[in-house]
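Because the structure is predicted, anything quoted here is derived from the model rather than measured.
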Amino acid sequence: MAGAADDGYGDFYKEVGRRIRAARMNAKITQAELADLIGLTRTSVTNLEAGRQRMPLHLFAAIERAVRAPAGSLLPHLDDDSVAQLDRTVGRHLLSAPDTTKDFVQGAIAGLGRTREEGQGD
């Protein structure tokens, strides 16, 4: 069975981490301060910023609030094929989830594609 490190999303998480680090620095807060704000250790923040540790959606939202950056600025833009692949991968993990959770997650994934399309006009 493929592990988290070889599922093809390593670069995605590295880019998310890079963007979180940039937003944290722009907000002029240290890794330790961010860790306190979101309830993690400084080491976990280091690992998130390096793309070595994945985060649940509620933690991503806490980081968004702590660094005062819109979620879209923390996520890399995905092409249509990547959005479709992400939707399929997440869909397999959501098979036993409640319908409300499925709807929320699938809406968020669909929003990634819309965010990319809206940004093309800029």
Side-chain angles (χ1 to χ4, degrees):
M1 183 163 120
D6 64 0
D7 65 1
Y9 288 101
D11 290 341
F12 175 82
Y13 282 97
K14 285 179 186 174
E15 180 62 18
V16 170
R18 186 193 67 74
R19 289 169 180 243
I20 288 171
R21 181 177 189 272
R24 175 184 56 76
M25 293 176 74
N26 188 54
K28 297 181 179 17
I29 59 176
T30 66
Q31 287 180 333
E33 290 167 331
L34 177 57
D36 286 342
L37 288 168
I38 63 175
L40 292 179
T41 65
R42 187 204 53 80
T43 302
S44 287
V45 170
T46 299
N47 287 330
L48 288 171
E49 289 183 355
R52 292 186 297 260
Q53 181 173 329
R54 298 188 178 189
M55 69 193 90
L57 195 54
H58 72 278
L59 182 56
F60 183 80
I63 291 170
E64 171 194 20
R65 287 189 302 273
V67 299
R68 298 179 298 279
S73 71
L74 300 176
L75 293 172
H77 298 293
L78 301 175
D79 59 31
D80 291 338
D81 290 338
S82 295
V83 171
Q85 181 181 356
L86 181 60
D87 190 34
R88 285 189 302 273
T89 301
V90 170
R92 286 191 300 270
H93 293 286
L94 291 174
L95 287 175
S96 62
D99 287 342
T100 55
T101 300
K102 291 176 187 174
D103 291 344
F104 174 79
V105 172
Q106 289 169 338
I109 291 170
L112 291 173
R114 283 194 302 273
T115 300
R116 182 185 58 79
E117 291 167 7
E118 291 166 2
Q120 288 178 347
D122 294 344

Pick one: which of L34, T30, D36 meets side-chain contact (heavy atoms from CB on, under 4.5 Å) with V45?
L34
Which is it for V67 and N26 under the side-chain contact (heavy atoms from CB on, under 4.5 Å) test, yes or no, and what are the steps along the way?
CA-CA 8 Å; V67 299; N26 188 54; over 6 Å; no
So how far is it from E15 CD to I20 CD1, rounded to the nearest 0.5 Å?
10.5 Å
With rounding to the nearest 0.5 Å, note down the distance linking CD1 in I38 to CG in L48.
6.5 Å
Minimum heavy-atom separation for L59 and M55, please, with both atom names.
CD2-CB, 3.7 Å
Quick one: which of R52, R42, R54 gives a side chain to side chain donor-acceptor pair (under 3.5 Å) with N47?
R52
Heavy-atom check, side chain of F12 versus side chain of L75, under 4.5 Å
yes
Interatomic distance, CD1@I29 vs CZ@R68, rounded to 0.5 Å, equals 6.5 Å
Among R24, R19, R18, which residue satisfies the salt bridge (charged side-chain N to carboxylate O under 4.0 Å, His left out) criterion with E49?
R24
